[in-house]
Structures are given as C-alpha cells and as structure tokens.
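A short write-up of the structure that comes next.
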Number of protein chains: 2
Amino acid sequence: MWLHVDPRSAVPVYQQVVEGVKAAVARGVLKPGDKLPSVRELAMELTINHNTVAKAYQELERLHVIEVIRGRGTFIAAEPVPADRDHRMRELKHAMVRWIVEAHHMQMDEEALLELFRTVLQEWRNGREHE
Amino acid sequence: MWLHVDPRSAVPVYQQVVEGVKAAVARGVLKPGDKLPSVRELAMELTINHNTVAKAYQELERLHVIEVIRGRGTFIAAEPVPADRDHRMRELKHAMVRWIVEAHHMQMDEEALLELFRTVLQEWRNGREHE
DNA sequence: CATGTGTACTAGTTATCATAGTACACACAG
DNA sequence: CTGTGTGTACTATGATAACTAGTACACATG
C-alpha cells in the first residue's frame with residue numbers, strides 16, 4: 001500500500017492521508033484518472049473512521065488533487081491547477097526561513113544547509129525512479 | 001520590539017514566542033547573556049497571559065536556547081548545544097520532502113525550487129546585516 | 001431494485017490551548 | 001529582615017479541533 005498512517009502522531013490523521021495522496025501523485029504512483037479506494041474501503045484498511053477519510057478527500061478536492069463524482073468514486077484530477085499560488089509561495093518562503101533558523105540553532109553552516117537540501121532533493125529523485 | 005504575535009493564527013501563541021526568540025537569536029538581535037523580559041512584562045506587552053509566556057520560556061530552556069535563573073530572570077544561553085541533533089535533522093529533512101511534494105503540486109520545477117531557496121538564503125543574509 | 005458511491009448530521013470523547021487568579025520559592029537591593 | 005521582582009505550580013474554566021460511532025440521505029450504475 002502507498003499509504004501509511006500513524007494514529008499516535010501529533011499531525012492529524014486526515015492530514016496524513018492528504019499528504020500521503022499528494023506525495024503519491026508527486027511520485028507518479030498515482031496518475032490522473034486513477035481511482036482511489038472508497039472512503040469506507042480506505043477507512044477499513046487504515047482502521048480509522050470513514051468520516052476521517054471523507055474529510056481528507058474533501059480537502060484534496062479543494063486542492064484540485066482529486067475529483068469526486070457522487071455515486072461513482074474519487075479519481076486523481078487531470079491537471080493540478082495551482083489555485084492560490086501566491087499564498088502557497090509565501091508559505092514556502094516562510095518555511096525556508098524556518099529551516100535557516102533551525103539550522104542555525106543546530107550550529108549548521110548555511111552552506112551545509114544548502115548542500116543538505118540538494119541531497120534530499122537527489123534522494124527524492126532516486127526514490128521516484130524506483131516506482 | 002523584536003517579537004510579534006498573532007492571536008488569530010492557527011499556530012499556538014506560545015509556539016510563536018518560541019520561534020520568535022529563536023529567530024531573533026539566529027539573526028543576532030539577541031546575543032548570549034542578553035536578558036529577556038520577565039514573563040509578566042512580556043505577557044503585558046503582548047497582551048497575553050503570563051502562563052503562556054512561561055510555557056514558551058520552558059520550551060526554550062528545554063532547547064538550550066535560554067537559561068533560567070530563579071529570582072533573577074532569563075538569559076540567552078551561551079552555547080546553543082544541539083542536544084537531539086539526529087532527531088531535529090530527521091525533522092528538517094522531512095520538512096524539506098514535504099515542500100518538494102508541495103512544489104510539485106504547484107507545478108514548480110525542482111531546479112526552480114533550489115533556486116528559490118538560494119534566493120531566500122541570500123535575502124536572509126542581507127536582512128541580517130541590517131541589524 | 002439492490003448495491004456502492006460520497007455526503008450530512010448528531011452525539012460524545014479526548015486533547016490542546018489559553019485565560020484567570022492565586023500562591024509559593026528564590027535572589028537581591030534596601 | 002523586608003520588600004520587590006523573578007520563575008514556577010496549581011486549580012478552574014472556556015474554546016476549539018480531531019476523532020469515533022452510528023445513522024441516514026442522494027446519486028450512479030447494473
């Protein structure tokens with residue numbers, strides 16, 4: 001299965017589902033048109049409530065990652081339209097600043113941080129090839 | 001003031017204080033030995049409860065960012081010893097992966113993402129010089 | 001009609017965050 | 001010693017979010 005959930009994590013379960021699906025799409029595990037499990041199926045598989053899955057699906061639909069068709073099921077959306085691009089860009093920059101601050105408190109050089117990012121990016125690329 | 005707090009934000013107020021202090025230290029606005037406002041002073045200034053400030057201070061002490069001396073006050077710690085380096089490194093990497101995925105859903109090229117990070121790093125360096 | 005979809009609703013539990021008020025232990029200047 | 005300023009501890013209360021459980025409804029399809 002391309003989805004794992006940790007009920008003891010601090011991050012909400014529905015959000016873990018959202019991120020899991022987004023990651024699977026980004027990796028190419030899920031492609032446009034692919035059918036997702038029904039809310040009840042996925043809930044059974046992850047041993048969580050079907051309402052929690054439904055909440056995740058609604059969030060994913062809001063993000064234009066999936067398309068929901070009542071009575072038929074949910075599918076990966078054709079084109080991931082970036083709706084609120086500016087807003088997400090600001091958040092991305094903000095996150096990067098947090099990395100810099102965090103790295104500083106880990107006594108990590110800024111150059112080392114940049115190198116780390118390159119490494120993570122490379123590892124992600126490799127992991128993508130293996131699927 | 002080097003600290004701002006948004007009570008309507010989704011991120012907890014005490015955590016905003018924690019991040020604010022860490023950022024100020026990283027920028028050099030606060031230096032080792034500097035005295036922080038008392039919990040009641042800062043609470044008054046930010047119009048929040050003094051218990052909330054106390055919670056933030058306790059978290060900062062746990063992170064070895066500040067030193068607390070009962071009856072005297074709180075001070076920026078001498079050397080920011082990275083205690084749980086491995087754990088924080090894993091979290092940092094995890095955060096980077098999340099944003100790689102996010103960038104993909106924004107239809108942003110990986111090279112563009114790397115370039116953006118270089119830009120943010122440069123901007124942060126400039127902002128630091130001005131203080 | 002029967003089945004499988006997503007959706008909507010109520011109810012209840014648990015946990016976190018924040019406030020408010022009070023009290024205590026310690027350091028230090030007077 | 002006393003008064004004041006520290007951080008800390010405690011109880012109580014309210015607000016909100018996340019999750020579970022159960023039930024019911026509307027729609028698509030065979």
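Note that this is a predicted model, so its numbers are computed, not measured. Just so it is clear: chains get the letters A, B, ... in the order the sequence lines come, proteins before strands, and each one is counted from 1.
- Distance, Tyr14(B) OH to dT8(D) C1': 18 Å, rounded to whole Å.
- Rounded to whole Å, the distance from CG on Leu60(A) to P on dG6(C) is 13 Å.
- Distances shorter than 4.0 Å separate none of the side-chain N or O atoms of Thr52(B) from OP1 or OP2 on dA18(C).
- Within the structure, the side chain to side chain donor-acceptor pair (under 3.5 Å) test picks out the following pairs touching residues 41-56 of chain B (sequence neighbours left out): Asn49(B)-Asn51(B).
- Listed nucleotides: dG6(C), dT20(D), dT8(D). Nearest to the side chain of Glu61(B): dT8(D).
- Smallest separation of non-hydrogen atoms from Pro37(B) and Trp2(B): CD-CZ2, 4.1 Å.
- Between Trp99(A) atom CH2 and Leu116(A) atom CG the span is 9.0 Å, to the nearest 0.5 Å.
- Put simply, CE on Met106(B) and CG on Asp84(A) are 8.5 Å apart, with the number rounded to the nearest 0.5 Å.
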- Taking protein heavy atoms under 4.0 Å as touching, what does nucleotides 20-30 of chain C look like 5' to 3' if B marks base contact, S marks sugar-phosphate-only contact and - marks none? BBBB-BBSS--
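- Within the structure, every side-chain polar atom (N or O) of Lys55(B) is placed at least 4.0 Å from both OP1 and OP2 of dA18(C).
- If you take CG of Asp6(B) and C1' of dC17(C), they are 15 Å apart, rounded to a whole angstrom.
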Identify each donor-acceptor pair in which a side-chain atom of residues 12-23 of chain A lies under 3.5 Å from a protein atom, sequence neighbours left out, and give them as a table.
residue, atom, partner, partner atom, Å
Gln16(A), OE1, Asp6(A), N, 2.9
Gln16(A), NE2, Asp6(A), O, 3.0
Gln16(A), NE2, Val11(A), O, 2.8
Lys22(A), NZ, Glu102(B), OE1, 2.5

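- Among the atoms of the strands shown, only primed sugar atoms or phosphate atoms (P, OP1, OP2) are found under 4.0 Å from some heavy atom of Glu41(B).
- Residue Ser38(B) places no side-chain N or O under 4.0 Å from the OP1 or OP2 atom of dG5(D).
- Residue Gln58(A) places its side chain closer to dA8(C) than to any other of dC17(C), dA8(C), dT5(C).
- As rounded to whole Å, 15 Å separates atom C1' of dA18(C) from atom CG of Leu42(B).
- If you take CD of Gln15(A) and C1' of dA17(D), they are 12 Å apart, rounded to a whole angstrom.
- One atom, CG of Leu46(A), and another, P of dT20(D), lie 10 Å apart when rounded to the nearest Å.
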